[in-house]
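Here the structure comes first, spelled out in structure tokens, and everything after it is commentary.
Throughout, a chain's letter reflects where its sequence line sits, starting with A, and its residues are numbered from 1.
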Amino acid sequence: MNPLALLKSRFQPSLAALVPDQARVGELLEMIRPAQDAKFGDYQANFAMPLKKDLGQPPQEIARKILAATDLGDVCQPPEVAGPGFINLRLRDDWLTDKLNQAVHDDRLGIPPAMAPRTFVIDYSSPNVAKPMHVGHIRSTVIGDALCRTLRFLGHRVISDNHLGDWGTQFGMIIYGYKHFVDRAAYQAAPVAELSRLYKLVHQLVDFHESHRAMPQVQERFARRAAELDQLQSQLRTGGKAVDKKLSQSLTKLGQQLHEDREELAALQAKTAAIAADTQLAALAAKHPNIDQAVLAETAKLHADDPENLRLWHEFLPNCRDEIARVYRRLDVRFDYEHGESFYHDRLAAVVEDLRNKGLAQDSQGAVCVFVDGFETPMIVQKKDGAFLYSTTDLATIQYRMETWRPDAILYVVDHRQSEHFDKLFAVARRWGHANVELQHIKFGTVMGSDGKPYKTREGVAAGLESLLDEAVARAAQVVAENDPEATLSESERRDVAEVVGVGGLKFADLLHNRTSDYEFSYEKMLLKSGYSATYAQYTYARCASIFRKAGVERDVLLASAARIGLTHPAERALGLQLIRLSEALAETSADYMPNHLTAYLFDLAKSYSTFFESCPVLKAETEDLRASRLLLCDLTARTIRLGLELLGIKVVAKM
RNA sequence: GCACCCAUAGCUCAAUUGGAUAGAGCAUCGGUCUUCGGAACCGAAGGUUGCAGGUUCGAGUCCUGCUGGGUGUACCA
């Protein structure tokens, strides 16, 4: 039951009768919302104030008039008009009790499946299969998975599709590495490890030469800017006191740029020096001076169906996929499809051809481009050397998805830096004929370190996803051990708990932030025992489970009995209200594709339970009825938390 | 240069998309308890929402300007 939706439906006819412009009714109904403060009741309706102009009456009077025409008696206590015209609504306890008793006897906890199910394709995670997954893949994977689970639970048809990077330059690197550096014995014994070593080795060598080549340019730029700065400073001296604002601005800017150049130079030097210091690597680098071009050539041969490279690609790919599959298993993330870039390879030429035929694409500076109003640069769909780009693949992907699944919406869970690409992609796709589909870029911010820069390891590389998981679980294991000095849990139970708490903590810490913001990565915060964390919610679940163990009551027996939830204490009512609001949290989460609404809900629920737990004895309740009622509240709380966490991809344990 | 995003308590973040006195967590300080799981609970303190204007019944949210940060920007993904 969604109380908010019910209230809206009750106000709908009375508002429609009063407001001349029917188009505004929906927007006015949106102004009914949960009360900002509990002292204003449970819900508040704010539509009377904006109607002042339309109706030429005082808002308080409008509010009273609407209330008189609205049938609320069975749901709410008599409403109050307050302040400038707010309508304060408080649910009747008997109504609330009724809904709670329905929910506790329902497997779906009172949430009906969507009346108008939609078909969603959700594109998320999408790593390069040749590289180990790193911290940058957390958000896409975790947010995408949570959205899939939530929309699916709400009754929608959801197709999850992992758009793997399995056709790019990374494979050129592996192929080149295999042809020149493979250790056959190592490859036989452990292909994934050997391929990974080859990828890293080739990447290092390419990097070395590129850095080496870039250095003079950076040095030159540095010198130019230094000279410019000199000139400006002398201008400043001769110009006397009249310091132009523009001049001083460009001074500071130049100073910053010089600083950046210096840092970049230092980084390049460090990189090349590290390789030069390693005699083996230095020898290899000297032996392969044009490795970067050679890698591109191998990639091009692969795309041109060169039999040898294609054979190697077919041989390597399953190994690479096994590697990332391991991470997904640990994260408990599954995909319906994993159609990588290679899947669309043979559709690309036809896409460009079709764009041309429809007059959307044209030649420009040797490339094939689609120019779109409102964008400074065109979308390039074919390079002048004939190669296709990821724009081309993305268009082919939209076409394929539309043909195959006819979705109502396609969601791309991709970081915000690609906003412009998606704006352009969607604009082209619509003109291309895919106008009747909701195309959404579900953008998210960057995971930062405590230095305010993108999160890196101590060595300065993007932190590997598996090592992050290992660290989170290791820290969780330490907490588990500290909290179980009497060793009531077995070794294997402890390991399981640590995994659930560690991985859950990592996911929850990501999901609790508004996805559009950057956030600071912190093991301490993600494993907080109290506070806004997965652990706190999981602990609440374990406490509920513990009460049932101690009571010796089977949940099924209790539910089959005549026991009913009743609300006698303010803490019970607060908990009951929170329980009934699950549907609102799910509606918010799915409306704007923001899982942080659900994490906030679960935290509030856990908090309400703790307060209830503190002030309302369950097993020692004064009467049998009260005891049964409170046990039912515990059960509903436990199941609500379990469901909510499950929709976020997070597990619970009965003992921790 | 142009475009987009951000700036909220000491720190990390919210704010139901324009609603009442801007909320949480952490840290700090104080309190509760012969523990139905203390991985707990209750309370206090903490704010000119970067600055200056504007729009209206009402602005953290919308508009203009400024300051300070970030990101993207014709053939990488």
Quiz item: Which listed nucleotide (C57(B), A40(B), G72(B)) is nearest to the side chain of S610(A)?
Solution: A40(B)
Practice problem: Under 4.0 Å between any heavy atoms, over every strand shown, what does Q365(A) touch: base, sugar-phosphate, or nothing? Just pick one. | Solution: base
Practice problem: Please state whether the phosphate of C36(B), meaning OP1 or OP2, lies under 4.0 angstrom from any side-chain nitrogen or oxygen of K550(A). | Solution: no
Quiz item: Partner of A7(B) by Watson-Crick or G-U wobble geometry, both contacts under 3.5 Å, or none?
Solution: U67(B)
Self-check item: N/O (side chain, N596(A)) to phosphate O (OP1/OP2, U16(B)) under 4.0 Å
Solution: no
Self-check item: Side-chain N or O of R33(A) closer than 4.0 Å to phosphate OP1/OP2 of U17(B)
Solution: yes
Quiz item: Quick one: is G37(B) close enough that its OP1 or OP2 comes under 4.0 Å of any side-chain N or O from S546(A)?
Solution: yes
Quiz prompt | Which nucleotide in C57(B), A14(B), A20(B) has an atom nearest any side-chain atom of N514(A) | solution = A14(B)
Quiz item: When all nucleic acid strands are considered with a 4.0 Å heavy-atom cut-off, which category describes P617(A): base, sugar-phosphate, or nothing?
Solution: base
Self-check item: Anti/syn call for U17(B), syn if |chi| within 90°
Solution: syn
Self-check item: Short side-chain N/O contact from K607(A) to OP1 or OP2 of G25(B), under 4.0 Å
Solution: yes
Quiz item: Hey, would you say the Y412(A) and F426(A) ring centroids sit under 6.0 Å apart?
Solution: yes
Practice problem: Report yes if at least one side-chain N or O of S364(A) is closer than 4.0 Å to OP1 or OP2 of A74(B); otherwise report no. | Solution: no
Quiz item: Would F40(A) pass as stacked on A20(B), i.e. its ring centre under 5.5 Å from the base's six-membered ring centre and planes under 30° apart?
Solution: yes
Self-check item: Nearest-neighbour nucleotide for the M49(A) side chain, C76(B), C41(B), C57(B) considered
Solution: C57(B)
Quiz item: Y519(A) on top of C13(B)'s base, within under 5.5 Å and under 30°?
Solution: no
Practice problem: For K39(A), report the nucleic acid contact type (base, sugar-phosphate, nothing); a contact means any heavy atom under 4.0 Å. | Solution: base
Quiz item: Using purine N1 to pyrimidine N3 plus N6-O4 or O6-N4 for Watson-Crick, or N1-O2 and O6-N3 for G-U wobble, both under 3.5 Å, which nucleotide pairs with C2(B)?
Solution: G72(B)
Quiz prompt | Under 3.5 Å on both distances, the Watson-Crick or G-U partner of A15(B) | solution = none
Quiz item: What does R630(A) touch in the nucleic acid at a heavy-atom separation under 4.0 angstrom: a base, only the sugar-phosphate, or nothing?
Solution: nothing
Exercise. State the pairing partner of G30(B); accept Watson-Crick or G-U wobble contacts with both distances under 3.5 Å, and report none otherwise.
Key: C42(B)
Quiz item: Contact class for A654(A) vs. all strands (heavy atom < 4.0 Å): base, sugar-phosphate, or nothing?
Solution: base
Quiz item: Base, sugar-phosphate, or nothing for E524(A), non-hydrogen atoms under 4.0 angstrom?
Solution: nothing
Practice problem: State yes or no: are the ring centers of F388(A) and Y390(A) separated by less than 6.0 Å? | Solution: no
Quiz prompt | Same-atom distance (C1') from C57(B) to C4(B), integer angstrom | solution = 34 Å
Quiz item: With both distances under 3.5 angstrom, what nucleotide forms a Watson-Crick or G-U wobble pair with A59(B)?
Solution: none
Exercise. Could you check whether I547(A) gets within reach of a base, just the sugar-phosphate, or nothing at all, counting any heavy atom under 4.0 Å?
Key: base
Exercise. For nucleotides U8(B) and U73(B), find the distance between their C1' atoms and express it as a whole number of Å.
Key: 30 Å
Quiz prompt | Between H303(A) and F171(A), ring centroids under 6.0 Å | solution = no
Practice problem: Would you classify A82(A) as touching base, sugar-phosphate or nothing, given that sugar-phosphate means primed atoms plus P, OP1 and OP2, and contacts are heavy atoms under 4.0 Å? | Solution: base
Quiz item: At under 4.0 Å, does any side-chain N or O of Q36(A) touch on OP1 or OP2 of G19(B)?
Solution: no
Self-check item: Watson-Crick or G-U wobble partner of A20(B), both distances under 3.5 Å
Solution: none
Quiz item: Distance between the C1' atoms of U61(B) and G50(B), in whole angstroms?
Solution: 16 Å
Practice problem: Apply side-chain hydrogen bond (donor to acceptor under 3.5 Å, both in side chains) to D625(A) and T623(A), showing your working. | Solution: CA-CA 5 Å; D625(A) 283 355; T623(A) 67; 5.7 Å; no
Practice problem: Using a 4.0 Å heavy-atom cut-off across all strands, classify P59(A) as base, sugar-phosphate, or nothing. | Solution: nothing
Quiz item: When we call it a touch if two heavy atoms are under 4.0 Å apart, what does M656(A) touch: a base, just sugar-phosphate, or nothing?
Solution: base
Quiz item: Does T535(A) place a side-chain N or O at less than 4.0 Å from the phosphate oxygens OP1/OP2 of A39(B)?
Solution: no
Quiz item: How about F612(A) and Y609(A): are their ring centres within less than 6.0 Å of each other?
Solution: yes
Quiz item: Taking only N and O in the side chain of S530(A), is any of them less than 4.0 Å away from OP1 or OP2 of A40(B)?
Solution: yes
Self-check item: Contact nearer the 5' end of RNA chain B, comparing E376(A) with A35(A)
Solution: E376(A)
Quiz item: Within the modelled atom types, does a donor on one side and an acceptor on the other bring the side chain of N88(A) and the base of A20(B) under 3.5 Å apart?
Solution: yes
Quiz item: Step by step, would you call N88(A) with E80(A) a side-chain hydrogen bond (donor to acceptor under 3.5 Å, both in side chains)?
Solution: CA-CA 5 Å; N88(A) 292 338; E80(A) 284 164 21; 5.0 Å; no
Quiz item: Taking only N and O in the side chain of Y536(A), is any of them less than 4.0 Å away from OP1 or OP2 of C41(B)?
Solution: yes
Quiz item: Just checking A542(A): base, sugar-phosphate only, or nothing, at a heavy-atom cut-off of under 4.0 Å?
Solution: base
Quiz item: Is there a side-chain polar atom (N or O) of N128(A) under 4.0 Å from OP1 or OP2 of A77(B)?
Solution: no
Quiz item: P34(A) has a side chain; which of A77(B), U16(B), G19(B) sits nearest to it?
Solution: U16(B)
Quiz item: Can you check whether Y199(A) and H203(A) have ring centres sitting under 6.0 Å from each other?
Solution: yes
Quiz prompt | Toward the 5' end of RNA chain B, by each residue's nearest nucleotide, G531(A) or I87(A) | solution = I87(A)
Self-check item: Distance test, side-chain N/O of S517(A) to OP1/OP2 of A14(B), below 4.0 Å
Solution: yes
Quiz item: Taking a pair as Watson-Crick or G-U wobble with both distances under 3.5 Å, which nucleotide is matched to U49(B)?
Solution: none
Quiz prompt | R515(A) NZ/CZ over Y124(A) ring centroid, <6.0 Å and within 45° of normal | solution = no
Practice problem: Please state whether the phosphate of G38(B), meaning OP1 or OP2, lies under 4.0 angstrom from any side-chain nitrogen or oxygen of R543(A). | Solution: yes
Quiz item: When we call it a touch if two heavy atoms are under 4.0 Å apart, what does Q418(A) touch: a base, just sugar-phosphate, or nothing?
Solution: base
Quiz item: Looking at N46(A), does any N or O in its side chain come under 4.0 Å of the phosphate oxygens OP1/OP2 on G19(B)?
Solution: no
Practice problem: Check every atom of U21(B), C41(B), G38(B) against the side chain of Y539(A) and return the nucleotide holding the closest atom. | Solution: G38(B)
Quiz item: For atom C1', what is the distance between U67(B) and A52(B), given to the nearest Å?
Solution: 11 Å
Exercise. Determine the contact category for L4(A): base if any of its heavy atoms lies under 4.0 Å from a base atom, sugar-phosphate if only primed atoms, P, OP1 or OP2 are that close, otherwise nothing.
Key: nothing
Quiz item: Can you list the steps and then say if D518(A) with H513(A) is a side-chain hydrogen bond (donor to acceptor under 3.5 Å, both in side chains)?
Solution: CA-CA 8 Å; D518(A) 298 343; H513(A) 296 96; over 6 Å; no
